[in-house]
Amino acid sequence: MTTTESLGNRAVIVIDMINTYDHRDADLLIPSAEQAVPAVVRLIERAREHKVPVIYVNDNFGQWRSHHGELLEAALSGPHADLVEPLRPDDESLFVVKARHSIFFETPLSYLLGQLGVDHIVLCGQVTEQCVLYSALDAHIRHLRVTVPDDAVAHIHADLAEAALRMMDRNMNVEIRGTDSIEF
C-alpha cells in the first residue's frame with residue numbers, strides 16, 4: 001500500500017467561515033475564530049499545494065436569494081472582514097451553500113464527494129460544538145473517514161467544544177490532531 005492509498009482521497013471542508021459575525025453568540029465566537037483562522041489558512045494553503053480539493057460549505061444565513069459570491073462580498077464588507085480575507089476561496093475552490101447545521105443536510109455535498117472520489121474529509125471552521133460536530137456525525141454515517149484539526153475549529157462555548165471533540169473521537173472514530181500534523 002502506498003502512502004497516498006493509506007491516506008485516502010481527501011478533501012478539506014471549510015465550514016461557515018464566510019461569515020459577517022452579525023448573529024447571536026458572535027461576541028462569544030469571534031475570539032475563538034481569531035485563534036483558529038491562522039490554522040485554517042495553513043490547512044487551506046497546504047491542501048492547495050498538494051492539489052487536494054478545498055470545499056467551502058457555508059450557511060446562507062437565511063438569505064435565500066444569495067449565492068456564494070454575495071455571501072463572500074457581504075462578509076468582506078463587514079466589520080470582521082479580517083477573519084474572512086485570509087481564507088477567501090480561490091478560483092479552484094468549490095462552494096456549497098447549506099441552510100442547517102450539517103454540511104450534508106439537503107445539500108449536494110455527498111454527490112460532489114462521490115464525483116471527486118473522496119473518502120476522507122478534513123473538517124475545519126466553525127462552530128465546533130454545532131456544525132462541525134453534526135457534520136462529523138453525518139460523515140461517519142456515510143462511512144467517510146474524518147479528521148478534525150483541533151486548532152482549526154472555533155467554538156462558542158469552550159467546554160462544549162471540548163466535549164464535542166471527545167465525542168467525535170470516541171463515538172465516530174474521528175481523528176483529532178493539530179493542523180501541522182495532517183498529511184496530504
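In this chain, numbering begins with 1 at the start of the sequence shown.
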Closest non-hydrogen contact found for A11 with V52 is CA-CG1, 3.8 Å
If you draw a 6.0 Å radius around CG in D25, do more than 12 non-hydrogen atoms from other residues or ligands fall strictly inside? yes
Taking all non-hydrogen atoms of both residues into account, name the closest pair between D16 and C131 and its distance. OD2-SG, 3.4 Å
Check the side chains of T179 and R46 for a donor-acceptor pair under 3.5 angstrom, ignoring hydrogens and angles. no
Which residue, R177, H120, R10, forms the side-chain hydrogen bond (donor to acceptor under 3.5 Å, both in side chains) with T147? H120
Establish, from distance only, whether the side-chain atoms of Y21 and Q126 form a donor-acceptor pair under 3.5 Å. yes
Smallest separation among heavy atoms of A47 and V12, with atom names: CB-CG2, 3.7 Å
For atom CD of E73, decide whether the heavy atoms of other residues, nucleotides or ligands shown that lie under 6.0 angstrom number more than 12. no
Looking only at side chains, do R142 and S110 share a donor and an acceptor under 3.5 Å apart? yes
If the plane angle is over 60° it's perpendicular, under 30° parallel, otherwise tilted; pick one for Y56 and F95. parallel
Over 12 foreign heavy atoms within 6.0 Å of CG, D159: yes
Check ring pair (Phe, Tyr, Trp, His ring centres under 6.0 Å) between F104 and all other residues, then give those that pass, not counting sequence neighbours. none
L94: what forms a side chain to side chain contact (heavy atoms under 4.5 Å, CB included) with it, not counting sequence neighbours? I55, L112, L116
Using only heavy-atom distances, determine whether the side chains of H80 and T20 contain a donor-acceptor pair under 3.5 Å. no
Closest approach of E129 to Y134 (non-hydrogen atoms, all atoms of both residues): O-OH, 4.3 Å
Count I, L, V, M, F, W, Y as connected when their side-chain heavy atoms are under 4.5 Å apart, and connections chain through other members. Are L29 and L87 then in the same cluster? yes
Is it true that the side chains of D138 and S135 contain a donor and an acceptor less than 3.5 Å apart? no
Count the heavy atoms belonging to other residues, nucleotides or ligands that lie under 6.0 Å from CD of E162, then report whether that count exceeds 12. no
Option passing side-chain contact (heavy atoms from CB on, under 4.5 Å) with V14 (candidates I103, V54, V57): V54
